[in-house]
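Reckoned from all heavy atoms, side chains included, excluding hydrogens, waters and symmetry mates.
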Number of protein chains: 2
Amino acid sequence: MARASGDDRQREPLSRQEIVRSALALADSEGLDAVTVRRIAAEHGVTHMALYWHFRGKEQLLDGIAEYLFAQIEIPPAAGESWDRRLLFALSAMLAVLRPHPAAAQLTQGRVLSSDAGLRLTEQFLGILREAGFSGEQSAVIATQLFMSVIAFVTGHPGPSRLDDPEGYEAAARTRTALLGALDQARFPNVTAAAAPLARCTEDASYYDSGLELLAGGVRAMAARLPQP
Amino acid sequence: MARASGDDRQREPLSRQEIVRSALALADSEGLDAVTVRRIAAEHGVTHMALYWHFRGKEQLLDGIAEYLFAQIEIPPAAGESWDRRLLFALSAMLAVLRPHPAAAQLTQGRVLSSDAGLRLTEQFLGILREAGFSGEQSAVIATQLFMSVIAFVTGHPGPSRLDDPEGYEAAARTRTALLGALDQARFPNVTAAAAPLARCTEDASYYDSGLELLAGGVRAMAARLPQP
DNA sequence: ACCTGAACACCGTTCAAGT
DNA sequence: ACCTGAACACCGTTCAAGT
């Protein structure tokens, strides 16, 4: 990934895209703390001030990562489908994009309304919710809460990613399981009994299936209580 | 809040509690970035290395903040109540504690299972969910997702807190509303129509009421699909 | 037991300057 | 247009030392 500074004396100019992509790769492999102006610059064989020509500051660089993630979310067109199936598709599309980037997903949390792709996503969710019969205000509230929840499902995934570092992931999961299992059974009967699922429940697809069911079921329940038009 | 270094020549020794409390106050008033070993130390009229006697490092200090927050969550005893009402009480209790600390709440996200008070909370949620008929595995998954969602509802609250800085809050909300309202109405019909609720929906209690309804409704829907015992 | 002083490696940002 | 060099203020951490 790193571009040695010696092997290409005539480097082509950086682009915002390249910078954002290497920042995202850094977040994926070493976490958000590793996303540093200086380290990103080093990846490109450039001094760290070079990035300030492309971004006004680090905050704008992080905005760029969030925008990049939002832009990848493609909600499949499903014109003939019911609103609740379309909602499920939309939530799945978000999860599919964010899951590989548990560290960087954090950056999307406060940036939905300040990125173009985030606004496009919001627009689509509002459309689905309006179709379900919710008012503009209700749709705004529910869309925000769905975004926050989906993002949190992904960022809540602790430690190293299973995809990037499977053996590191395994070791961390085993350690957590052992710690939970060793707790006082009198004080924590349910925790000790469910030590393994608690420690590793975010690892497999069923975790996200359950999350989608929780959210979609909640929205359906709220829709069912709406006054009939 | 700051303790001048001159006014008490015989300072009583620091305690972890005091350090954690001033760190939390700093997060509340200026955000997580302001929570700095050096600034906390200055609040107490002490050099920054003094904190290293009380904490092994900054990470442990942040653990302390999370622990402190979890410890304040008191789920009311409600022995005779149905499981879904007790679930609602438990979620409300979490929200009540976390809402005043939108910045610091972020710290609780990955620390539920590594803090004593977080484990106590987990135990109580698992108890409620087991009573609803979910298996240990299902309860672990759902409890985790409920935690993540509630925390995200609070941390998603952008900008300055309404309680700590009402006029700053108002100004930020107005700016966001104006920005959303000025978007292209052809591309963003629903966003522009709901500009105000989108920009400020996290401000009032109904936002959190809606969030609780969403989550509780989702869990009820999942419980309703369980095979009858 | 509780805190200080000096030192270190690292960070984001500014500003003038180079090509 | 695109990048460098030097400088600055700030950060977390270590380690030996003080009381």
Please tell me if the side chains of A:S149 and B:M148 come closer than 4.5 Å, counting only heavy atoms from C-beta onward. no
Can you tell me if B:S115 uses its side chain to pair, donor with acceptor, with the backbone of B:G118 under 3.5 Å? yes
Any donor-acceptor N/O pair, B:E67 side chain to B:D116 backbone, under 3.5 Å: yes
Applying a 4.0 Å non-hydrogen cut-off, can you work out what B:H48 is touching in the nucleic acid: base, sugar-phosphate, or nothing? base
Within 6.0 angstrom of A:Q185 CD, more than 12 heavy atoms from elsewhere: no
State whether B:D63 and B:R56 are salt-bridged, where the test is any N-O pair (Lys NZ or Arg NE/NH1/NH2 against Asp/Glu carboxylate O) under 4.0 Å. no
Let me know, please, whether A:R39 or B:P13 comes out on the 5' side of the other along DNA chain C by nearest nucleotide. B:P13
For atom CG of B:D184, is the number of surrounding heavy atoms from other residues, nucleotides or ligands below 6.0 Å larger than 12? yes
Residue whose nearest DNA chain C nucleotide is more 5′ - B:W53 or A:E59: B:W53
For D:dT19, the Watson-Crick or wobble counterpart (both distances under 3.5 Å): C:dA1
Please find the earliest and latest nucleotides of DNA chain C, in the 5' to 3' direction, that have an atom within less than 4.0 Å of any heavy atom of chain B. C:dA1 to C:dA6
Identity of whatever pairs with C:dT13 - Watson-Crick or G-U, under 3.5 angstrom: D:dA7
